[in-house]
Engineer: 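For reference, the structure I am asking about is given below.
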Protein chains: 4
Amino acid sequence: MPTANVKSVDDQPPARRPGRPRGDEARVAILEAAYAILEEGGLAAFTIEGVAARAGAAKTTIYRWWPSRESLAVAAFLSVALPRISFSSTGSAANAIRSQMLRLVTVYSGKTGRVVRDLVAAGNSDPVAAAAFVESYVRQRRQAVREVLQRGIDAGEFRADIDFEAAIDALYGPVFYRLLVGHGTLDKTWTKDVADIVLAGLKPQAPEIKNGDQSRTGTKGTKARPDRVSRGS
Amino acid sequence: MPTANVKSVDDQPPARRPGRPRGDEARVAILEAAYAILEEGGLAAFTIEGVAARAGAAKTTIYRWWPSRESLAVAAFLSVALPRISFSSTGSAANAIRSQMLRLVTVYSGKTGRVVRDLVAAGNSDPVAAAAFVESYVRQRRQAVREVLQRGIDAGEFRADIDFEAAIDALYGPVFYRLLVGHGTLDKTWTKDVADIVLAGLKPQAPEIKNGDQSRTGTKGTKARPDRVSRGS
Amino acid sequence: MPTANVKSVDDQPPARRPGRPRGDEARVAILEAAYAILEEGGLAAFTIEGVAARAGAAKTTIYRWWPSRESLAVAAFLSVALPRISFSSTGSAANAIRSQMLRLVTVYSGKTGRVVRDLVAAGNSDPVAAAAFVESYVRQRRQAVREVLQRGIDAGEFRADIDFEAAIDALYGPVFYRLLVGHGTLDKTWTKDVADIVLAGLKPQAPEIKNGDQSRTGTKGTKARPDRVSRGS
Amino acid sequence: MPTANVKSVDDQPPARRPGRPRGDEARVAILEAAYAILEEGGLAAFTIEGVAARAGAAKTTIYRWWPSRESLAVAAFLSVALPRISFSSTGSAANAIRSQMLRLVTVYSGKTGRVVRDLVAAGNSDPVAAAAFVESYVRQRRQAVREVLQRGIDAGEFRADIDFEAAIDALYGPVFYRLLVGHGTLDKTWTKDVADIVLAGLKPQAPEIKNGDQSRTGTKGTKARPDRVSRGS
DNA sequence: GTTTAACCGAGACGGTACGTCCTGTCTTGTA
DNA sequence: TACAAGACAGGACGTACCGTCTCGGTTAAAC
């Protein structure tokens, strides 16, 4: 679908409204100040007044463009953190996921983890901001995982009948669980263990014989086995 | 040394400190008011002043016993929510887990879910309160799961070499993930799908014929109990 | 260069600082509420919160403009009580003082006396406010007395060598003494008696017969009247 | 007069009330702590809790014996400051007064002045304490002055028709005026000047030759006691 | 080339809640 | 009964931010 076309129709190409156009300096200064504060002091230190002061902007300017503290926090985060996801597109899908998880866990162990934690918490009191965060950050990342999963299915690494959403939640849920609840650390061994368990659960499996013999006939099927789908068993 | 003596000296846990003893009425009134507010209005509405007013207590009384808003929130939650976990102890371990997950998801879909979400967020700005929440609420629940997992291992349902912590995170992480991030609902189908994936990953599996490179079996001695495993096979 | 130009550039004393200018409504409302409370309930009832509530203003607004409870009290008093002193400028200086003292005592017997008492007490715990009170209220009144004294000296009613400050203190000290310590009432007879004593002490007098003559003749005054000093007796 | 006798009759001879008798240690400790705080930090620092803590006493003990903060302050002051007044009983009455004023001004320039100022202010919000202060401290001092004045009258130094109360207020009012209002310092020169003015006003004076209009002599029979005046002679 | 509408900074303002200090009352155990 | 200890309801403190509201002054398209 020609997106360009849509755009030229939808957006007002010359649609110049009268009056002074929005200056970019204020916007950028605010977002940078916002992110800096978020990273340095967390949500607690993140106040509109603080951001305004640090950005040399007026509170009103902030309120003009962002409806709430939370929205601003999310926007600040996105402006900094959006442009980076990466999956190794070579090798097995399982290994791609494994290595991406490790990378994520490394990132989340640092300042970014703190910030993400804060943003999720912030989302708690501003559903709109929460939605924005999910839509722009979470969803996107999940989409990338989904593609790798699909690749794995195509390659026969994974069962074909898996529910993508459930699978992604199973893979990344534990990471967020620990990040957010904080009952354990995000170390590499743990990450590998979790990945192993879930990836094992995604593999095409012998039919549930349940009596002990797991004779795995031809485990390595290239394609999913719809016939095995009989899940409920 | 006379034990009796030691005892008579040592054993005065309720040692009657001087001064007026703490009255229980205030404590109870405060916790009840706190929980009520938490449930009705969430963290946003949860203010010390609000709780004090509703409880008919003085702010100072609250501050005397709880160091922060967050601590109070956690305490209020625990005073209400602690006395209930339940695993069906009959049937297969997998099914016990499955049904418990469904029950949890049901609970978390209601008011309790909102509250737990708030508490996790609150923990974000008060590490002490967070620790209390984890220690008293999370840890306990995890312990229950751990026991069921062990039962499953003993019965040959699960692999013997699983890392308990990772397994528990794999099972319940997704639930918290959705609860906290809010990118999807906690419906039953999804719950079952997640459970299926993870439980499948915990099942004893045919040795990795694939490359053999992942033969990690038994390496993780600490967590798994090879001696007990007795190898379901 | 045209003077007009210079003027138009230079003459901007009220220089319009940036930002929303201070509104007068709040200021007036606060001062009025403050004075009302001060008059009704005295210092004890005079709380910032009370004033704010009564004025329909925010506490912060008060704190923005007055550094302390005491400052506000003084300001409130001054805004009401400043514009009134009056000395009869006819007749003898002594009589002018006498009648002014009577008027003062009358005023101080009423609500104003209570307020002044409170303000002096307040000054006790805020030196800055005390200074403001002295500077704007006390000093001004004393200046008026000083002028009358000078008139009296010029007219030969009073000695020329009197120390103005001491004289004023001698005249009005007793009034404040009774007002503040409260060991006696401010009645008219007493006032007259005090005035008589002190004014007698200010009159040109026969040289001290006691130990010879301390002829202090014309030492200090601008317009002393040595002729009168010369012993009427 | 045998005071001891009176006492043994008046006080409860064996009148032992039941229960633990009042210990003097607490009383003394409280008064000492109270005075210390009063002297160190003024009224602002003078809190019941502070005194209790410093005295190692319980708040209740203080409330049992003193009805208010102000009463305690006055009591503490009196317990320390009562036992000292002194007039030189030799020389002229005028000089006795002069030197006593100087001594008073010296004392009031130090810590005692601060404390007296505080007590007068305190009296403002507790009439009972104010009365106690006046009755026990002020009145007593004034009585001493009254005696010296009488001596002066008897010796012909002062007019016989002076109103004692007015005279005392005229003499000491200025000192309190400056002490309490703080518009000037209590230095020696000023003190002498004031004393000179007022004492001059008390001297027997030549009949008003000027216009004769002020011939008021002897009109004020009520206050002066001509009959008593004759006495000393 | 003037209008004119929006942008932007500054800061006043009414508010809410904070966490602290002190008040005056009470309840308890010990002397 | 006196006393120390300390819980408790409550009132006010002074502070930090909130979100809204004037203001003065840009700034650039539209008239």
Side-chain angles (χ1 to χ4, degrees), chain A residues 14 16-23 25-27 29-30 46-53 55-65 67-69, chain B residues 16-27 30 46-50 52-53 55-65 67-69, chain C residues 16-27 29-30 46-50 52-53 55-65 67-69, chain D residues 16-27 29-30 46-50 52-53 55-65 67-69:
Chain A
R16 287 306 211 104
R17 305 212 312 311
R20 174 175 171 181
R22 178 176 186 180
E25 292 157 29
R27 208 194 94 256
I30 288 167
F46 188 85
T47 63
I48 298 281
E49 296 214 327
V51 173
K59 277 200 293 176
T60 35
T61 305
I62 295 180
Y63 282 112
R64 195 173 356 251
W65 302 112
S68 70
R69 195 175 77 114
Chain B
R16 274 313 280 113
R17 300 202 331 301
R20 174 174 169 180
R22 178 177 186 180
D24 218 42
E25 291 158 30
R27 208 194 92 256
I30 288 168
F46 189 85
T47 60
I48 298 281
E49 296 213 327
K59 274 204 289 179
T60 38
T61 303
I62 296 180
Y63 281 112
R64 192 172 0 251
W65 302 112
S68 71
R69 198 176 75 113
Chain C
R16 275 311 280 113
R17 300 201 334 299
R20 174 173 169 181
R22 178 177 185 179
D24 219 43
E25 291 158 30
R27 207 193 93 256
I30 288 167
F46 189 84
T47 60
I48 298 280
E49 297 213 327
K59 273 203 290 178
T60 39
T61 303
I62 296 180
Y63 281 112
R64 194 173 358 254
W65 302 112
S68 68
R69 196 175 77 114
Chain D
R16 286 305 214 101
R17 309 219 298 314
R20 175 171 169 181
R22 178 175 185 182
D24 218 42
E25 292 156 30
R27 209 193 94 256
I30 288 168
F46 188 84
T47 62
I48 298 282
E49 294 213 328
K59 278 201 292 176
T60 35
T61 304
I62 296 180
Y63 281 112
R64 194 174 355 252
W65 303 111
S68 71
R69 195 175 78 115

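First the proteins, then the strands, lettered A, B, ... as listed; each starts at 1.
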Engineer: Roughly how many Å is it from CD in D/Glu49 to P in E/dC21, rounded to a whole number?
Structural biologist: 10 Å
Engineer: So which one's nearest nucleotide on DNA chain F is more toward 5', B/Ala26 or D/Ile30?
Structural biologist: D/Ile30
Engineer: Mind checking whether A/Thr61 and A/Arg64 have side chains closer than 4.5 Å, heavy atoms only?
Structural biologist: yes
Engineer: In whole Å, what is the span from the CD1 atom of D/Ile62 to the P atom of F/dA5?
Structural biologist: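 The answer, rounded to whole Å, is 12 Å.
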Engineer: Over how many whole Å does the gap from C/Arg20 atom CZ to E/dG14 atom P extend?
Structural biologist: 8 Å
Engineer: Starting from the first five and the last five pairs of the helix from E/dG1-F/dC31 to E/dA31-F/dT1, work out the angle between the resulting helix axes, to 10 degrees.
Structural biologist: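 Terminal axis comparison yields 10°.
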Engineer: Under the side chain to side chain contact (heavy atoms under 4.5 Å, CB included) test, which residues partner C/Arg22, sequence neighbours left out?
Structural biologist: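 So C/Arg22 forms a side chain to side chain contact (heavy atoms under 4.5 Å, CB included) with C/Arg27, C/Trp65, C/Trp66.
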Engineer: Who passes salt bridge (charged side-chain N to carboxylate O under 4.0 Å, His left out) against C/Glu25, sequence neighbours left out?
Structural biologist: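 So C/Glu25 forms no salt bridge (charged side-chain N to carboxylate O under 4.0 Å, His left out) with any residue.
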Engineer: Where do A/Val51 and A/Ile30 come nearest, in terms of heavy atoms and distance?
Structural biologist: CG1-O, 3.7 Å
Engineer: Output the single nucleotide from E/dC18, F/dC8, E/dC22 whose closest atom is nearest the side chain of B/Ile48.
Structural biologist: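 Among the listed nucleotides, the one closest to the side chain of B/Ile48 is E/dC18.
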Engineer: Applying side chain to side chain contact (heavy atoms under 4.5 Å, CB included), name anything that partners B/Thr60, two or more places apart in sequence or on another chain.
Structural biologist: B/Ala58
Engineer: How long is the line joining OH of D/Tyr63 and P of E/dG24, in whole Å?
Structural biologist: 4 Å
Engineer: For E/dC7, does OP1 or OP2 lie under 4.0 Å from any side-chain N or O of A/Trp65?
Structural biologist: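 Answer is no, no contact under 4.0 Å.
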Engineer: Please classify the nucleic acid contact of A/Ala52 as base, sugar-phosphate, or nothing, using heavy-atom distances under 4.0 Å.
Structural biologist: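 If one applies the 4.0 Å heavy-atom cut-off, A/Ala52 turns out to touch nothing in the nucleic acid.
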Engineer: Roughly how many Å is it from CZ in C/Arg69 to P in F/dC13, rounded to a whole number?
Structural biologist: 7 Å
Engineer: Quick one: does A/Lys59 reach the base of F/dG19 with a side-chain donor-acceptor pair under 3.5 Å?
Structural biologist: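 A donor-acceptor contact between them is present.
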Engineer: Between B/Glu25 (CD) and F/dA9 (C1'), how many Å, whole number?
Structural biologist: 13 Å
Engineer: If I take atom CZ in residue C/Arg17 and atom C1' in nucleotide F/dC23, what distance separates them, rounded to the nearest angstrom?
Structural biologist: 12 Å
Engineer: What nucleotide, of E/dC8, F/dC3, E/dA12, holds the atom closest to the side chain of C/Arg64?
Structural biologist: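 Selected nucleotide (nearest to the side chain): E/dA12.
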Engineer: Distance check: side-chain N/O of D/Thr61 vs OP1/OP2 of F/dA4, anything under 4.0 Å?
Structural biologist: yes
Engineer: Give one of base, sugar-phosphate or nothing for D/Gly50, where a contact means two heavy atoms less than 4.0 Å apart.
Structural biologist: nothing
Engineer: Mind calculating the distance between CZ (D/Phe46) and C1' (E/dT23) to the nearest angstrom?
Structural biologist: 14 Å
Engineer: Go through the N and O atoms of the side chain of A/Thr60 and the base of F/dG19, and report whether any donor-acceptor pair is under 3.5 Å.
Structural biologist: no
Engineer: The criterion is side chain to side chain contact (heavy atoms under 4.5 Å, CB included); which residues satisfy it with A/Ala29, sequence neighbours excluded?
Structural biologist: A/Ala55
Engineer: Could I get the full list of salt bridge (charged side-chain N to carboxylate O under 4.0 Å, His left out) partners for A/Arg69, not counting sequence neighbours?
Structural biologist: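 Counting only residues at least two positions away or on another chain, A/Arg69 forms no salt bridge (charged side-chain N to carboxylate O under 4.0 Å, His left out).
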